[in-house]
Peer 1: 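After the C-alpha coordinates below, expect a handful of questions from me.
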There are 2 protein chains.
Amino acid sequence: MIEPRFQRRKQQRPGEITDAAFEVFAEKGYTGARVEEVAKRAGVSKGLLYLYFKTKEDLFKAVVKSVVIHRVDSLRAAVEETELSSEAFLRGPLLEFMKRVPGSPVAVVVRLLIAEGHRYPDLVDYYWDNVVSKGLGAIRAFVERGVSRGEFRRSEVTEFPQLFIAPVMVSMIWTILFTKRVLDTDKLIETQLEMILAHIRA
Amino acid sequence: MIEPRFQRRKQQRPGEITDAAFEVFAEKGYTGARVEEVAKRAGVSKGLLYLYFKTKEDLFKAVVKSVVIHRVDSLRAAVEETELSSEAFLRGPLLEFMKRVPGSPVAVVVRLLIAEGHRYPDLVDYYWDNVVSKGLGAIRAFVERGVSRGEFRRSEVTEFPQLFIAPVMVSMIWTILFTKRVLDTDKLIETQLEMILAHIRA
DNA sequence: GTACTTGCTGACTCATGAGTCAGCAAGTAT
DNA sequence: ATACTTGCTGACTCATGAGTCAGCAAGTAC
(Lines give C-alpha, C1' and ligand atoms only; values in the text may rest on other atoms or scores of the structure.)
Protein backbone atom coordinates (compact mmCIF):
# COMPACT_ATOMS: atom_id res chain seq x y z
CA MET A 1 0.00 0.00 0.00
CA ILE A 2 1.44 3.26 -1.15
CA GLU A 3 1.38 6.27 1.13
CA PRO A 4 1.17 9.33 -1.07
CA ARG A 5 3.96 11.75 -0.20
CA PHE A 6 1.50 14.56 0.23
CA GLN A 7 -2.02 15.63 -0.61
CA ARG A 8 -3.15 18.84 -2.17
CA ARG A 9 -5.26 20.79 0.30
CA LYS A 10 -5.13 24.34 -0.82
CA GLN A 11 -8.09 25.45 1.27
CA GLN A 12 -7.00 24.28 4.71
CA ARG A 13 -3.28 25.03 4.45
CA PRO A 14 -3.29 28.67 5.56
CA GLY A 15 -5.31 27.92 8.67
CA GLU A 16 -3.18 24.91 9.57
CA ILE A 17 -0.04 26.96 9.14
CA THR A 18 -1.22 29.88 11.27
CA ASP A 19 -2.34 27.43 13.96
CA ALA A 20 1.09 25.83 14.02
CA ALA A 21 2.73 29.25 13.94
CA PHE A 22 0.68 30.37 16.92
CA GLU A 23 1.96 27.40 18.91
CA VAL A 24 5.58 28.01 17.99
CA PHE A 25 5.39 31.75 18.58
CA ALA A 26 3.72 31.09 21.92
CA GLU A 27 6.57 28.81 22.97
CA LYS A 28 9.55 30.62 21.51
CA GLY A 29 8.49 34.19 20.84
CA TYR A 30 8.73 35.74 17.41
CA THR A 31 12.49 35.90 16.98
CA GLY A 32 13.01 32.55 18.67
CA ALA A 33 10.58 30.82 16.36
CA ARG A 34 12.02 29.02 13.33
CA VAL A 35 9.99 29.09 10.16
CA GLU A 36 11.08 25.53 9.44
CA GLU A 37 9.70 24.43 12.81
CA VAL A 38 6.37 26.02 11.98
CA ALA A 39 6.32 24.21 8.65
CA LYS A 40 7.17 20.92 10.30
CA ARG A 41 4.36 21.22 12.84
CA ALA A 42 1.91 22.11 10.13
CA GLY A 43 3.08 18.95 8.31
CA VAL A 44 4.27 20.97 5.38
CA SER A 45 7.51 21.97 3.70
CA LYS A 46 9.18 25.28 4.24
CA GLY A 47 8.71 26.12 0.58
CA LEU A 48 4.96 25.73 0.79
CA LEU A 49 4.75 28.03 3.74
CA TYR A 50 6.46 30.68 1.68
CA LEU A 51 3.88 30.11 -1.00
CA TYR A 52 1.13 31.20 1.33
CA PHE A 53 3.02 33.82 3.33
CA LYS A 54 5.49 36.16 1.70
CA THR A 55 7.74 36.52 4.77
CA LYS A 56 8.01 35.51 8.39
CA GLU A 57 6.71 38.93 9.33
CA ASP A 58 3.70 38.34 7.12
CA LEU A 59 3.04 35.08 8.92
CA PHE A 60 3.32 36.84 12.26
CA LYS A 61 0.74 39.41 11.29
CA ALA A 62 -1.60 36.71 10.05
CA VAL A 63 -1.31 34.91 13.38
CA VAL A 64 -2.08 38.02 15.41
CA LYS A 65 -5.06 38.83 13.25
CA SER A 66 -6.44 35.32 13.39
CA VAL A 67 -6.37 35.41 17.19
CA VAL A 68 -7.69 38.89 17.62
CA ILE A 69 -10.57 38.98 15.19
CA HIS A 70 -13.97 39.57 16.74
CA ARG A 71 -12.85 38.48 20.14
CA VAL A 72 -14.17 41.55 21.92
CA ASP A 73 -17.33 41.93 19.94
CA SER A 74 -19.03 39.33 22.09
CA LEU A 75 -18.51 41.56 25.12
CA ARG A 76 -20.03 44.57 23.46
CA ALA A 77 -22.95 42.50 22.26
CA ALA A 78 -23.46 41.08 25.75
CA VAL A 79 -23.56 44.58 27.22
CA GLU A 80 -26.17 45.67 24.71
CA GLU A 81 -28.37 42.61 24.85
CA THR A 82 -28.40 41.75 28.53
CA GLU A 83 -31.51 42.27 30.61
CA LEU A 84 -29.64 41.99 33.88
CA SER A 85 -29.15 44.92 36.22
CA SER A 86 -25.76 46.57 35.92
CA GLU A 87 -24.70 45.08 39.21
CA ALA A 88 -25.73 41.57 38.20
CA PHE A 89 -24.08 41.94 34.82
CA LEU A 90 -20.84 43.05 36.39
CA ARG A 91 -20.84 40.15 38.84
CA GLY A 92 -21.93 37.66 36.20
CA PRO A 93 -21.05 37.85 32.49
CA LEU A 94 -18.51 40.65 32.78
CA LEU A 95 -16.58 38.93 35.52
CA GLU A 96 -16.66 35.63 33.65
CA PHE A 97 -15.39 37.28 30.50
CA MET A 98 -12.46 38.84 32.31
CA LYS A 99 -11.51 35.69 34.12
CA ARG A 100 -11.15 33.94 30.81
CA VAL A 101 -8.73 36.43 29.26
CA PRO A 102 -5.45 35.60 31.04
CA GLY A 103 -5.57 31.97 29.90
CA SER A 104 -6.68 32.78 26.37
CA PRO A 105 -4.62 33.21 23.20
CA VAL A 106 -4.94 36.94 23.68
CA ALA A 107 -2.41 36.72 26.49
CA VAL A 108 0.08 35.19 24.07
CA VAL A 109 -0.54 37.95 21.57
CA VAL A 110 -0.05 40.59 24.22
CA ARG A 111 3.30 39.09 25.08
CA LEU A 112 4.32 38.99 21.43
CA LEU A 113 3.26 42.60 20.95
CA ILE A 114 5.12 43.81 24.00
CA ALA A 115 8.19 42.02 22.78
CA GLU A 116 8.15 42.93 19.09
CA GLY A 117 5.45 45.54 18.80
CA HIS A 118 7.73 48.50 18.19
CA ARG A 119 8.97 46.88 14.99
CA TYR A 120 5.45 46.55 13.63
CA PRO A 121 3.56 49.72 14.46
CA ASP A 122 0.74 48.86 12.10
CA LEU A 123 0.17 45.63 14.00
CA VAL A 124 -0.04 47.56 17.24
CA ASP A 125 -2.55 49.89 15.62
CA TYR A 126 -4.53 46.89 14.48
CA TYR A 127 -4.55 45.49 17.99
CA TRP A 128 -5.52 48.86 19.34
CA ASP A 129 -8.47 49.21 17.00
CA ASN A 130 -9.77 45.69 17.41
CA VAL A 131 -9.11 44.88 21.04
CA VAL A 132 -8.13 47.76 23.28
CA SER A 133 -10.30 50.46 21.84
CA LYS A 134 -13.32 48.17 21.47
CA GLY A 135 -12.81 46.61 24.89
CA LEU A 136 -12.48 49.89 26.72
CA GLY A 137 -15.39 51.21 24.68
CA ALA A 138 -17.60 48.33 25.77
CA ILE A 139 -16.76 48.90 29.43
CA ARG A 140 -17.34 52.60 29.07
CA ALA A 141 -20.71 51.97 27.48
CA PHE A 142 -21.61 49.61 30.28
CA VAL A 143 -20.70 52.10 32.98
CA GLU A 144 -22.40 54.92 31.16
CA ARG A 145 -25.61 52.97 30.93
CA GLY A 146 -25.42 52.16 34.62
CA VAL A 147 -25.08 55.85 35.39
CA SER A 148 -27.98 56.91 33.17
CA ARG A 149 -30.14 54.24 34.76
CA GLY A 150 -29.31 55.57 38.18
CA GLU A 151 -27.55 52.33 39.22
CA PHE A 152 -24.05 53.81 39.26
CA ARG A 153 -22.74 57.18 40.27
CA ARG A 154 -20.22 59.10 38.25
CA SER A 155 -16.79 59.45 39.84
CA GLU A 156 -13.08 59.45 39.05
CA VAL A 157 -13.24 55.69 38.67
CA THR A 158 -15.88 56.03 36.00
CA GLU A 159 -13.38 57.93 33.88
CA PHE A 160 -10.90 55.06 33.78
CA PRO A 161 -12.19 51.84 32.25
CA GLN A 162 -8.54 50.79 32.43
CA LEU A 163 -9.15 50.08 36.11
CA PHE A 164 -11.45 47.23 35.14
CA ILE A 165 -8.68 45.81 32.97
CA ALA A 166 -5.85 46.36 35.41
CA PRO A 167 -6.13 43.08 37.37
CA VAL A 168 -6.45 41.18 34.11
CA MET A 169 -3.23 42.77 32.94
CA VAL A 170 -1.46 41.83 36.16
CA SER A 171 -2.76 38.29 35.84
CA MET A 172 -1.51 37.96 32.29
CA ILE A 173 1.94 39.26 33.05
CA TRP A 174 2.10 37.14 36.17
CA THR A 175 1.14 34.02 34.26
CA ILE A 176 3.63 34.76 31.51
CA LEU A 177 6.55 35.50 33.81
CA PHE A 178 6.00 33.67 37.06
CA THR A 179 4.47 30.35 36.14
CA LYS A 180 6.04 28.86 39.21
CA ARG A 181 4.53 31.25 41.77
CA VAL A 182 0.86 30.80 42.40
CA LEU A 183 -1.62 33.62 42.18
CA ASP A 184 -5.38 33.21 42.34
CA THR A 185 -6.02 35.33 39.29
CA ASP A 186 -9.77 34.70 39.39
CA LYS A 187 -9.96 35.99 42.92
CA LEU A 188 -7.75 38.94 42.10
CA ILE A 189 -10.01 40.01 39.27
CA GLU A 190 -13.12 39.42 41.31
CA THR A 191 -11.80 41.46 44.21
CA GLN A 192 -11.04 44.43 41.99
CA LEU A 193 -14.47 44.32 40.36
CA GLU A 194 -16.17 44.08 43.74
CA MET A 195 -14.20 47.04 44.99
CA ILE A 196 -15.14 49.06 41.93
CA LEU A 197 -18.75 48.06 42.32
CA ALA A 198 -18.83 49.10 45.97
CA HIS A 199 -17.29 52.38 44.93
CA ILE A 200 -19.56 53.36 42.08
CA ARG A 201 -22.83 51.81 43.21
CA ALA A 202 -25.37 54.57 43.58
CA MET B 1 48.94 67.28 18.34
CA ILE B 2 48.44 63.56 18.56
CA GLU B 3 45.13 62.10 19.64
CA PRO B 4 45.83 58.81 21.32
CA ARG B 5 43.81 56.02 19.69
CA PHE B 6 42.45 54.96 23.04
CA GLN B 7 43.03 55.25 26.75
CA ARG B 8 43.20 52.48 29.30
CA ARG B 9 40.29 52.83 31.70
CA LYS B 10 39.83 49.44 33.19
CA GLN B 11 37.69 50.66 36.08
CA GLN B 12 34.99 52.55 34.22
CA ARG B 13 34.62 50.29 31.20
CA PRO B 14 32.09 47.80 32.59
CA GLY B 15 29.74 50.54 33.76
CA GLU B 16 30.01 52.44 30.51
CA ILE B 17 29.30 49.30 28.56
CA THR B 18 26.24 48.32 30.59
CA ASP B 19 24.92 51.87 30.28
CA ALA B 20 25.26 51.75 26.51
CA ALA B 21 23.77 48.26 26.46
CA PHE B 22 20.77 49.45 28.44
CA GLU B 23 20.11 52.12 25.84
CA VAL B 24 20.40 49.75 22.94
CA PHE B 25 18.31 47.05 24.56
CA ALA B 26 15.69 49.65 25.43
CA GLU B 27 15.47 50.73 21.81
CA LYS B 28 15.78 47.43 20.02
CA GLY B 29 14.99 44.70 22.53
CA TYR B 30 17.42 41.93 23.34
CA THR B 31 17.43 40.06 20.03
CA GLY B 32 17.25 43.24 18.01
CA ALA B 33 20.27 44.71 19.75
CA ARG B 34 23.65 44.31 18.03
CA VAL B 35 26.65 43.80 20.23
CA GLU B 36 28.70 45.92 17.86
CA GLU B 37 26.23 48.78 18.28
CA VAL B 38 26.59 48.54 22.05
CA ALA B 39 30.36 48.65 21.72
CA LYS B 40 30.19 51.63 19.40
CA ARG B 41 28.01 53.61 21.79
CA ALA B 42 30.29 52.80 24.67
CA GLY B 43 33.16 54.11 22.53
CA VAL B 44 34.86 50.77 22.61
CA SER B 45 35.72 47.93 20.27
CA LYS B 46 33.70 44.76 20.08
CA GLY B 47 36.66 42.77 21.25
CA LEU B 48 36.96 44.73 24.47
CA LEU B 49 33.34 44.21 25.27
CA TYR B 50 33.95 40.48 25.06
CA LEU B 51 36.81 40.92 27.45
CA TYR B 52 34.46 42.15 30.13
CA PHE B 53 31.39 40.07 29.26
CA LYS B 54 31.68 36.48 28.16
CA THR B 55 28.59 36.51 25.94
CA LYS B 56 25.71 38.70 24.87
CA GLU B 57 23.53 36.87 27.38
CA ASP B 58 26.02 37.70 30.08
CA LEU B 59 25.83 41.36 29.14
CA PHE B 60 22.04 41.21 29.24
CA LYS B 61 22.05 39.80 32.73
CA ALA B 62 24.49 42.44 33.88
CA VAL B 63 22.21 45.16 32.52
CA VAL B 64 19.14 43.80 34.26
CA LYS B 65 20.99 43.50 37.53
CA SER B 66 22.46 46.99 37.31
CA VAL B 67 18.99 48.45 36.88
CA VAL B 68 17.24 46.37 39.47
CA ILE B 69 19.64 46.49 42.36
CA HIS B 70 18.26 48.06 45.50
CA ARG B 71 15.56 49.90 43.65
CA VAL B 72 12.78 48.72 45.92
CA ASP B 73 14.66 48.93 49.17
CA SER B 74 13.95 52.63 49.38
CA LEU B 75 10.23 51.87 49.50
CA ARG B 76 10.57 49.38 52.29
CA ALA B 77 12.77 51.79 54.22
CA ALA B 78 10.26 54.59 53.71
CA VAL B 79 7.47 52.42 55.08
CA GLU B 80 9.48 51.60 58.16
CA GLU B 81 10.84 55.04 58.87
CA THR B 82 7.88 57.28 58.14
CA GLU B 83 6.03 59.01 60.92
CA LEU B 84 3.04 59.81 58.76
CA SER B 85 -0.34 58.23 59.27
CA SER B 86 -1.07 55.33 56.93
CA GLU B 87 -3.48 57.46 54.98
CA ALA B 88 -1.01 60.31 54.57
CA PHE B 89 1.75 57.91 53.61
CA LEU B 90 -0.39 56.30 50.96
CA ARG B 91 -1.39 59.66 49.49
CA GLY B 92 2.13 61.02 49.74
CA PRO B 93 5.33 58.98 49.44
CA LEU B 94 3.68 55.75 48.26
CA LEU B 95 1.77 57.47 45.49
CA GLU B 96 4.86 59.39 44.42
CA PHE B 97 6.90 56.22 44.32
CA MET B 98 4.37 54.49 42.12
CA LYS B 99 3.97 57.38 39.74
CA ARG B 100 7.68 57.26 39.06
CA VAL B 101 7.82 53.59 38.08
CA PRO B 102 6.31 53.63 34.57
CA GLY B 103 8.88 56.14 33.33
CA SER B 104 11.80 54.51 35.05
CA PRO B 105 14.32 51.98 33.71
CA VAL B 106 12.36 49.29 35.49
CA ALA B 107 9.69 49.56 32.79
CA VAL B 108 12.33 48.75 30.19
CA VAL B 109 13.48 45.76 32.17
CA VAL B 110 9.92 44.51 32.51
CA ARG B 111 9.51 44.68 28.78
CA LEU B 112 12.77 42.82 28.22
CA LEU B 113 11.77 40.16 30.70
CA ILE B 114 8.35 39.67 29.20
CA ALA B 115 9.95 39.34 25.81
CA GLU B 116 12.90 37.08 26.62
CA GLY B 117 12.30 35.98 30.17
CA HIS B 118 11.42 32.41 29.40
CA ARG B 119 14.87 31.86 27.97
CA TYR B 120 16.54 33.03 31.16
CA PRO B 121 14.61 31.61 34.08
CA ASP B 122 17.33 32.49 36.54
CA LEU B 123 17.03 36.14 35.52
CA VAL B 124 13.30 36.00 36.14
CA ASP B 125 13.99 34.50 39.56
CA TYR B 126 16.45 37.28 40.24
CA TYR B 127 13.86 39.87 39.29
CA TRP B 128 11.30 38.11 41.41
CA ASP B 129 13.49 38.09 44.48
CA ASN B 130 14.73 41.65 44.16
CA VAL B 131 11.74 43.53 42.83
CA VAL B 132 8.43 41.72 42.87
CA SER B 133 8.78 39.86 46.12
CA LYS B 134 10.30 42.82 47.93
CA GLY B 135 7.84 45.28 46.46
CA LEU B 136 4.77 43.25 47.32
CA GLY B 137 6.29 42.56 50.73
CA ALA B 138 6.71 46.26 51.41
CA ILE B 139 3.12 46.99 50.47
CA ARG B 140 1.91 44.08 52.56
CA ALA B 141 3.89 45.35 55.54
CA PHE B 142 2.43 48.81 55.07
CA VAL B 143 -1.14 47.53 54.96
CA GLU B 144 -0.53 45.21 57.89
CA ARG B 145 0.76 48.05 60.00
CA GLY B 146 -2.25 50.14 59.08
CA VAL B 147 -4.53 47.35 60.22
CA SER B 148 -2.73 46.80 63.49
CA ARG B 149 -2.86 50.52 64.19
CA GLY B 150 -6.58 50.53 63.59
CA GLU B 151 -6.29 52.82 60.56
CA PHE B 152 -7.24 50.16 58.00
CA ARG B 153 -9.70 47.34 58.10
CA ARG B 154 -8.89 43.86 56.86
CA SER B 155 -10.74 42.80 53.73
CA GLU B 156 -10.35 40.91 50.47
CA VAL B 157 -8.41 43.85 49.10
CA THR B 158 -5.92 43.58 51.91
CA GLU B 159 -5.00 40.12 50.66
CA PHE B 160 -3.89 41.35 47.25
CA PRO B 161 -1.05 43.86 47.26
CA GLN B 162 -1.10 43.23 43.50
CA LEU B 163 -4.05 45.59 43.35
CA PHE B 164 -1.78 48.45 44.37
CA ILE B 165 0.54 47.54 41.51
CA ALA B 166 -2.14 46.92 38.90
CA PRO B 167 -2.52 50.49 37.61
CA VAL B 168 1.27 50.81 37.47
CA MET B 169 1.39 47.69 35.34
CA VAL B 170 -1.28 49.04 33.00
CA SER B 171 0.61 52.32 32.75
CA MET B 172 3.85 50.57 31.87
CA ILE B 173 2.32 48.39 29.19
CA TRP B 174 0.38 51.33 27.83
CA THR B 175 3.50 53.46 27.61
CA ILE B 176 5.46 50.68 25.97
CA LEU B 177 2.83 49.81 23.38
CA PHE B 178 0.71 52.87 22.77
CA THR B 179 3.06 55.81 22.89
CA LYS B 180 0.78 57.63 20.51
CA ARG B 181 -2.40 57.39 22.59
CA VAL B 182 -2.47 59.55 25.64
CA LEU B 183 -3.25 58.22 29.08
CA ASP B 184 -2.92 60.22 32.27
CA THR B 185 -1.01 57.50 34.07
CA ASP B 186 -0.51 59.62 37.18
CA LYS B 187 -4.22 60.14 37.51
CA LEU B 188 -4.91 56.47 36.82
CA ILE B 189 -2.61 55.39 39.62
CA GLU B 190 -3.96 58.02 41.95
CA THR B 191 -7.54 57.02 41.28
CA GLN B 192 -6.86 53.38 42.07
CA LEU B 193 -5.05 54.25 45.30
CA GLU B 194 -7.85 56.56 46.38
CA MET B 195 -10.39 53.84 45.69
CA ILE B 196 -8.39 51.34 47.70
CA LEU B 197 -8.03 53.84 50.51
CA ALA B 198 -11.76 54.54 50.60
CA HIS B 199 -12.32 50.82 50.68
CA ILE B 200 -9.97 49.80 53.45
CA ARG B 201 -10.07 52.89 55.64
CA ALA B 202 -11.33 51.88 59.04
C1' DG C 1 66.00 55.27 26.25
C1' DT C 2 64.67 50.21 26.67
C1' DA C 3 62.06 46.40 28.07
C1' DC C 4 57.90 44.73 29.63
C1' DT C 5 52.90 44.21 30.80
C1' DT C 6 48.24 44.39 29.47
C1' DG C 7 44.15 47.14 27.89
C1' DC C 8 42.57 47.40 23.60
C1' DT C 9 41.65 46.97 18.36
C1' DG C 10 39.25 45.29 14.15
C1' DA C 11 39.50 42.02 10.53
C1' DC C 12 38.42 37.48 10.55
C1' DT C 13 35.60 32.80 11.07
C1' DC C 14 31.75 30.22 11.40
C1' DA C 15 26.95 28.90 12.65
C1' DT C 16 22.42 30.00 11.86
C1' DG C 17 18.24 30.70 9.71
C1' DA C 18 15.35 33.44 6.20
C1' DG C 19 14.10 33.11 1.74
C1' DT C 20 14.56 30.77 -3.32
C1' DC C 21 13.78 27.69 -7.08
C1' DA C 22 14.22 23.78 -10.23
C1' DG C 23 11.93 19.94 -10.45
C1' DC C 24 8.62 16.34 -8.88
C1' DA C 25 4.17 14.23 -8.23
C1' DA C 26 -0.98 14.64 -7.04
C1' DG C 27 -4.93 15.62 -9.11
C1' DT C 28 -7.71 16.66 -13.53
C1' DA C 29 -9.25 16.91 -18.17
C1' DT C 30 -9.70 14.69 -22.58
C1' DA D 1 -3.41 6.12 -21.44
C1' DT D 2 -1.66 10.80 -22.21
C1' DA D 3 -0.98 15.48 -21.57
C1' DC D 4 -1.37 19.22 -18.66
C1' DT D 5 -1.84 22.18 -14.50
C1' DT D 6 -0.31 23.42 -10.10
C1' DG D 7 0.26 22.24 -5.08
C1' DC D 8 4.16 20.90 -3.09
C1' DT D 9 9.17 19.46 -1.86
C1' DG D 10 13.89 20.11 0.06
C1' DA D 11 18.53 21.15 -1.13
C1' DC D 12 20.52 25.31 -2.03
C1' DT D 13 22.17 30.47 -1.44
C1' DC D 14 23.29 34.29 0.94
C1' DA D 15 23.09 37.88 4.60
C1' DT D 16 23.70 38.56 9.23
C1' DG D 17 25.70 38.87 13.51
C1' DA D 18 27.96 36.41 17.65
C1' DG D 19 32.24 35.36 19.13
C1' DT D 20 37.77 34.95 18.31
C1' DC D 21 42.54 36.25 18.17
C1' DA D 22 47.01 37.92 16.47
C1' DG D 23 49.01 41.92 16.98
C1' DC D 24 49.36 46.87 18.32
C1' DA D 25 50.03 50.68 21.39
C1' DA D 26 49.18 52.98 26.06
C1' DG D 27 50.97 53.04 30.27
C1' DT D 28 54.81 51.61 33.68
C1' DA D 29 59.21 50.30 35.70
C1' DC D 30 64.06 50.70 35.56
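Protein chains get the first letters and strands the later ones, always in sequence-line order, with residue 1 at the start of each.
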Peer 1: Scan residues 59-88 of chain B for pairs that pass ring-ring contact (aromatic ring centres under 6.0 Å, His included), counting only residues two or more places apart or in two chains.
Peer 2: B:Phe25-B:Phe60, B:Tyr30-B:Phe60, B:Phe60-B:Tyr120
Peer 1: Return each pair, listed once, that meets side-chain hydrogen bond (donor to acceptor under 3.5 Å, both in side chains) where at least one residue sits in residues 43-57 of chain A; pairs must be two or more places apart or across chains.
Peer 2: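 side-chain hydrogen bond (donor to acceptor under 3.5 Å, both in side chains) check on residues 43-57 of chain A returns A:Glu57-A:Lys61.
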Peer 1: Using a 3.5 Å cut-off and no angle test, enumerate the donor-acceptor pairs between side-chain atoms of residues 93-109 of chain B and protein atoms at least two apart in sequence or in another chain.
Peer 2:
unit_1, atom_1, unit_2, atom_2, d
B:Ser104, OG, B:Val101, O, 2.8
B:Ser104, OG, B:Val106, N, 3.2

Peer 1: Stem ranges for DNA chain D, with three or more consecutive Watson-Crick or G-U pairs under 3.5 Å?
Peer 2: C:1-30 with D:1-30
Peer 1: Once salt bridge (charged side-chain N to carboxylate O under 4.0 Å, His left out) is applied, what residue pairs with a partner in residues 138-147 of chain A remain, sequence neighbours excluded?
Peer 2: A:Glu144-A:Arg154
Peer 1: Count the heavy atoms belonging to other residues, nucleotides or ligands that lie under 6.0 Å from CD of A:Glu36, then report whether that count exceeds 12.
Peer 2: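 At most 12 heavy atoms, drawn from other residues, nucleotides or ligands, come within 6.0 Å of this atom.
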Peer 1: Got a sec? Which of residues 26-35 of chain A come in under 4.0 Å of DNA chain C, heavy atoms?
Peer 2: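 Output list: A:Ala33, A:Arg34, A:Val35.
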Peer 1: Dump every N/O contact between nucleotides 4-6 of chain C and the protein below 3.5 Å, one line per pair.
Peer 2:
unit_1, atom_1, unit_2, atom_2, d
C:dT6, O2, B:Arg8, NH2, 2.1

Peer 1: Once side-chain contact (heavy atoms from CB on, under 4.5 Å) is applied, do any residues pair with A:Ser155, and if so which ones, sequence neighbours excluded?
Peer 2: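 Scan of A:Ser155 (side-chain contact (heavy atoms from CB on, under 4.5 Å), adjacent residues dropped) gives A:Arg153, A:Val157, A:Thr158, A:His199, A:Ile200.
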Peer 1: Table please: side-chain donor-acceptor pairs of residues 174-182 of chain A below 3.5 Å, with sequence neighbours left out.
Peer 2:
unit_1, atom_1, unit_2, atom_2, d
A:Trp174, NE1, A:Arg181, O, 3.1
A:Thr175, OG1, A:Ser171, O, 2.5
A:Lys180, NZ, B:Asp125, OD1, 3.0
A:Lys180, NZ, B:Asp125, OD2, 3.2
A:Arg181, NH2, B:Asp125, OD1, 3.1

Peer 1: Base, sugar-phosphate alone, or nothing: which one does A:Tyr52 contact when heavy atoms must sit under 4.0 Å apart?
Peer 2: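 The residue A:Tyr52 makes sugar-phosphate contact but no base contact.
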Peer 1: Write out all pairs satisfying salt bridge (charged side-chain N to carboxylate O under 4.0 Å, His left out) with one or both partners inside residues 24-34 of chain B, taking only residues at least two apart or from two chains.
Peer 2: B:Glu27-B:Arg41
Peer 1: Looking at B:Tyr126, is B:Lys65 sitting on its ring face, NZ or CZ under 6.0 Å from the six-membered ring centre and within 45 degrees of the normal?
Peer 2: yes
Peer 1: Between the protein and nucleotides 20-23 of chain D, are there any N/O to N/O pairs under 3.5 Å, and if so, what are the atom names and distances?
Peer 2:
none

Peer 1: Does any pair with a residue in residues 98-119 of chain B pass ring-ring contact (aromatic ring centres under 6.0 Å, His included), and if so which ones, sequence neighbours excluded?
Peer 2: none
